[in-house]
Asker: 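Structure in structure tokens, see below.
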Amino acid sequence: MDVAEENPRTIVAGIAKAYAPEQLVGRKVVIVANLAPRKLRGLTSQGMIVAASLEDTPPVLAAFLEDVPVGARLK
């Protein structure tokens, strides 16, 4: 995942049932990047994608209505 850093981050998320990989290419989403790396499903995840959901509903990714540059920080 490109977060305007020298190297892309690997982020593991449980969104496969809601989003096909090709739906995410080029999409800007909200992530939490200041987390310690954690091993999930055999991969090291370097952040968390922010999504909303209710019980028994698929997740909906958090995003912005306006165009926000890659690497912009939440305030």
Side-chain angles (χ1 to χ4, degrees):
M1 179 164 288
D2 181 4
V3 293
E5 296 175 335
E6 186 176 332
N7 296 311
R9 286 177 179 254
T10 298
I11 297 181
V12 179
I15 60 173
K17 290 182 181 179
Y19 296 93
E22 53 272 5
Q23 289 179 285
L24 301 174
V25 175
R27 185 167 178 172
K28 294 179 183 176
V29 297
V30 178
I31 68 162
V32 178
N34 63 344
L35 302 173
R38 186 171 178 184
K39 198 112 176 164
L40 298 169
R41 299 181 184 162
L43 300 169
T44 301
S45 185
Q46 301 167 311
M48 179 176 63
I49 296 176
V50 178
S53 66
L54 296 172
E55 194 172 327
D56 300 325
T57 65
V60 177
L61 298 176
F64 296 96
L65 294 175
E66 293 84 6
D67 188 29
V68 177
V70 172
R73 296 179 180 261
L74 297 175
K75 295 183 179 184

Asker: When you compare the side chain of T10 with that of T44, does any pair of heavy atoms fall below 4.5 Å?
Answerer: no

Asker: In Å, rounded to the nearest 0.5 Å, how long is the span from CD of Q46 to CD1 of I11?
Answerer: 8.0 Å

Asker: Determine which pairs satisfy salt bridge (charged side-chain N to carboxylate O under 4.0 Å, His left out) with at least one residue from residues 45-62, sequence neighbours left out, and list them in order.
Answerer: none

Asker: Does one hydrophobic cluster hold both V68 and V70, with members joined at side-chain heavy-atom distances below 4.5 Å?
Answerer: no

Asker: Just so I know, are the side chains of K28 and D67 near enough to count as touching, which here means a heavy-atom distance under 4.5 Å?
Answerer: yes

Asker: If Ile, Leu, Val, Met, Phe, Trp and Tyr residues are connected whenever their side-chain heavy atoms lie under 4.5 Å apart, and connections chain through other members, are V50 and F64 in the same group?
Answerer: yes

Asker: Flag yes if I49 and V12 sit in one hydrophobic cluster, no otherwise; membership is Ile, Leu, Val, Met, Phe, Trp, Tyr, and two members link when side-chain heavy atoms are under 4.5 Å apart.
Answerer: no

Asker: If I compare all heavy atoms of P59 with all of A51, which pair ends up nearest, and what's the gap?
Answerer: CB-CB, 3.9 Å

Asker: Distance check, rounded to the nearest 0.5 Å: R73 atom CZ versus N34 atom CG?
Answerer: 8.5 Å

Asker: How many angstroms lie between CG in L61 and CG in L24, if you round to the nearest 0.5 Å?
Answerer: 6.5 Å

Asker: L40 and L35: same hydrophobic cluster, using ILVMFWY side-chain contacts below 4.5 Å?
Answerer: no

Asker: Are V60 and I31 grouped together when hydrophobic residues (ILVMFWY) are joined by side-chain heavy atoms under 4.5 angstrom apart?
Answerer: yes

Asker: Would you compute the distance between atom CG of N7 and atom CZ of R9 and round it to the nearest 0.5 angstrom?
Answerer: 10.5 Å

